[in-house]
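These notes concern the structure reproduced below.
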Amino acid sequence: MGMGAVAATREDEEAKKMEAGDDTVGQKLDAGALFVLQSKGSWLHCGYHLTTSIVAPALLSLPFAFAALGWTAGIICLVIGAAVTFYSYNLISLVLEHHAAQGRRQLRFRDMATDILGPGWGKYYIGPIQFLVCFGAVIGCTLLAGQSLKAIYLLANPGGTIKLYVFVAIFGVFMMILAQLPSFHSLRHVNLISLLLCLAYSFCAVAGSIYLGNSDKALPKDYSISGDAQNRVFGVFNAIAIIATTYGNGIIPEIQATVAAPVTGKMFRGLCLCYAVVVTTFFSVAISGYWAVGNQAQGTLLSNFMVDGAAVIPKGLLLVTQLFTLLQLSAVGVVYLQPTNEVLEGLFSDAKQGQYAARNVVPRLVSRTVAVALATTVAAMLPFFGDMNSLIGAFGFLPLDFAVPALFYNVTFKPSKKGVVFWLNTTIAVVFSGLAVIASVAAVRQIALDAKTYKLFANV
């Protein structure tokens with residue numbers, strides 16, 4: 001029997017063990033892994049999940065990052081971000097496939113860290129950082145969705161007086177309903193729609209940029225980097241953190257866990273689908289947006305499409321762009337809620353009873369509703385959460401998605417220290433760990449500078 005047949009047989013056995021409730025070390029899987037991380041999906045479903053988790057409305061901030069970097073550095077950083085994350089996500093997938101072939105399929109990021117680096121890494125570093133990043137993304141999506149709802153409201157009713165926190169609360173109620181979808185796999189159709197939506201609002205943003213750039217309402221184009229030397233330096237690292245956060249994922253193992261055995265090669269195909277969308281959207285929005293507004297780029301490109309409350313691109317185009325953005329934010333939010341759902345399910349559900357037994361349905365309904373209510377409250381109360389998300393991105397996405405995969409690969413496969421792979425991985429881990437520290441400092445500085453403008457439940 002060939003090695004490929006042996007690996008496939010092992011993975012089939014692993015799938016049966018998972019269905020029976022046996023995990024990679026012979027212990028019973030908890031309810032979180034059994035119910036939330038069901039392994040039933042195809043590589044296409046994997047691609048939908050990946051695309052939703054990466055190609056999110058955060059990409060509309062890329063022109064703002066370019067404003068701090070300029071044309072050359074901006075494009076270089078965008079290319080490096082795409083190349084390194086594609087490479088790093090494949091490293092994680094290869095490590096996961098290796099352990100699955102050995103009969104130890106890992107379903108969660110903290111499982112990987114515990115198995116590869118030791119229990120302390122999973123319990124005290126990877127687990128908490130991942131939870132912080134993912135729940136922070138849920139809060140950020142809720143806030144952005146509230147802002148999109150408010151923008152749509154003001155387009156339809158200029159001079160309207162409804163406050164931002166009301167729109168945040170409305171979206172929060174919708175998220176409470178969406179959060180009840182029982183498993184990550186059950187989001188596959190939602191995430192297919194999400195993929196189409198991210199393409200739609202990206203193309204709308206490009207069209208809006210081309211219109212604005214050629215309009216007499218456009219400001220004079222200036223591509224110089226503004227500010228004194230200190231602000232420019234910190235601006236560069238803040239821009240790097242924005243780009244890293246835009247490419248960030250943080251849930252690669254959980255996404256691969258949704259794939260039915262045998263898993264070999266499926267993640268790579270899913271990543272190819274995802275990065276076809278990434279390249280199409282990221283580069284087109286970043287380049288067209290920066291071309292249109294130059295160093296006047298605001299935190300999100302959509303803000304540049306309105307001046308003093310009036311649309312400077314066709315109103316219908318802006319309305320549709322905001323609507324597509326709003327709808328996709330609901331999918332992104334519920335995807336990043338999955339690690340929280342998995343933890344809650346493990347705490348409150350009984351793995352010995354069925355997923356839809358009353359004993360499990362009631363705790364699921366209550367716990368997920370409370371989790372979304374908490375995220376909604378924080379988003380409404382702290383509308384400046386974007387600054388904090390920059391810190392979370394620098395402290396979380398940079399190590400999780402850039403540095404840790406290279407470390408996992410080197411520890412698992414032990415490539416020769418005389419070879420290119422070892423030193424490439426080591427360089428990636430060291431460089432991006434250093435960038436994580438510097439970008440975190442830059443994010444803290446930005447929070448300190450903006451703190452005087454912070455106000456609870458502000459109507460921004």
Side-chain angles (χ1 to χ4, degrees), residues 56-58 60-61 64 131-180 197 201 245 298-311 318-337 340-341 365-393 443 446-460:
L60 298 172
S61 297
F64 178 71
F131 185 84
L132 184 65
V133 165
C134 292
F135 200 70
V138 175
I139 297 170
C141 286
T142 306
L143 175 59
L144 286 173
Q147 292 172 340
S148 287
L149 263 177
K150 182 185 174 185
I152 292 170
Y153 163 71
L154 291 176
L155 282 171
N157 183 28
T161 58
I162 299 178
K163 306 296 185 184
L164 173 63
Y165 59 79
V166 175
F167 296 105
V168 171
I170 292 170
F171 183 79
V173 171
F174 176 65
M175 277 290 292
M176 287 177 187
I177 298 170
L178 203 57
Q180 304 308 321
L197 286 169
Y201 69 68
T245 302
Q298 298 186 42
T300 174
L301 181 59
L302 299 186
S303 298
N304 285 101
F305 292 162
M306 291 188 74
V307 176
D308 297 326
L318 180 55
L319 183 64
V320 168
T321 308
Q322 291 281 11
L323 180 60
F324 289 157
T325 303
L326 170 65
L327 292 173
Q328 205 231 359
L329 280 166
S330 62
V332 177
V334 79
V335 161
Y336 277 103
L337 192 63
T340 302
N341 289 348
L365 176 64
V366 173
S367 62
R368 294 186 183 188
T369 301
V370 170
V372 174
L374 177 60
T376 303
T377 302
V378 174
M381 187 169 62
L382 308 176
F384 45 84
F385 189 78
D387 283 356
M388 296 182 185
N389 244 359
S390 295
L391 176 60
I392 292 171
Q446 192 62 47
I447 290 172
L449 291 174
D450 293 346
K452 61 181 178 295
T453 66
Y454 291 166
K455 183 181 177 182
L456 297 180
F457 297 101
N459 185 38
V460 294

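In this chain, residues are counted from 1 in sequence order. Being a predicted model, the structure only gives us computed values, none of them experimental. Values reported hereafter were calculated over all heavy atoms of this structure, with side chains retained and with hydrogens, waters and symmetry mates removed.
One finds the CD atom of Gln147 at 8.5 Å from the OG1 atom of Thr300 (value rounded to the nearest 0.5 Å). The line from CZ of Phe324 to CG of Leu319 is 10.0 Å long, rounded to the nearest 0.5 Å. Expressed to the nearest 0.5 Å, how far CG of Leu143 lies from CG of Leu164 amounts to 6.5 Å. Taking CD1 of Ile162 as the reference point, atom CD1 of Ile170 lies at 7.0 Å (rounded to 0.5 Å). With values rounded to the nearest 0.5 angstrom, Leu318 atom CG is found 5.0 Å from Leu155 atom CG.
In plain terms, the two heavy atoms of Phe64 and Gln298 that are nearest each other are CB-O, 3.2 Å. Of all heavy-atom pairs between Thr376 and Gly172, the closest is OG1-CA, 3.4 Å. The two residues Val138 and Gly333 come nearest to each other via the heavy atoms CG2-O, 3.6 Å. Nearest heavy atoms, Gly299 versus Ser61: O-OG, 2.8 Å. Ser330 and Leu178 make their closest contact through O-CD2, 3.5 Å (heavy atoms, listed as atom of the first residue, atom of the second, distance). Scanning all heavy atoms of the two residues, the minimum distance from Gln328 to Pro57 falls at OE1-CD, 3.1 Å.
Of the listed residues (Ile139, Thr142, Val168), just one forms a side-chain contact (heavy atoms from CB on, under 4.5 Å) with Val378, and that residue is Ile139. Exactly one of Leu327, Leu329, Leu323 qualifies for a side-chain contact (heavy atoms from CB on, under 4.5 Å) with Thr325. That residue is Leu329.
Every side chain to side chain donor-acceptor pair (under 3.5 Å) that Thr369 has, sequence neighbours left out, goes to Gln180. For Asn157, the side chain to side chain donor-acceptor pair (under 3.5 Å) criterion is met by Tyr153, not counting sequence neighbours. Partners of Thr321 under the side chain to side chain donor-acceptor pair (under 3.5 Å) rule, at least two apart in sequence or in another chain, do not exist in this structure. Under the side-chain contact (heavy atoms from CB on, under 4.5 Å) criterion, Ala443 pairs with Ser390, Leu391, sequence neighbours left out. The side chain to side chain donor-acceptor pair (under 3.5 Å) test applied to Gln322 returns Ser148, not counting sequence neighbours.
Using a 30° and 60° split on the angle between ring planes, Phe174 and Phe171 fall in the tilted class, from 30° to 60°.
Sorted pairs that involve residues 159-172 and meet side chain to side chain donor-acceptor pair (under 3.5 Å), not counting sequence neighbours, are lacking altogether.
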(request) Go through the steps to decide whether Cys141 and Tyr336 satisfy the test side chain to side chain contact (heavy atoms under 4.5 Å, CB included), and finish with yes or no. (result) CA-CA 9 Å; Cys141 286; Tyr336 277 103; 5.6 Å; no

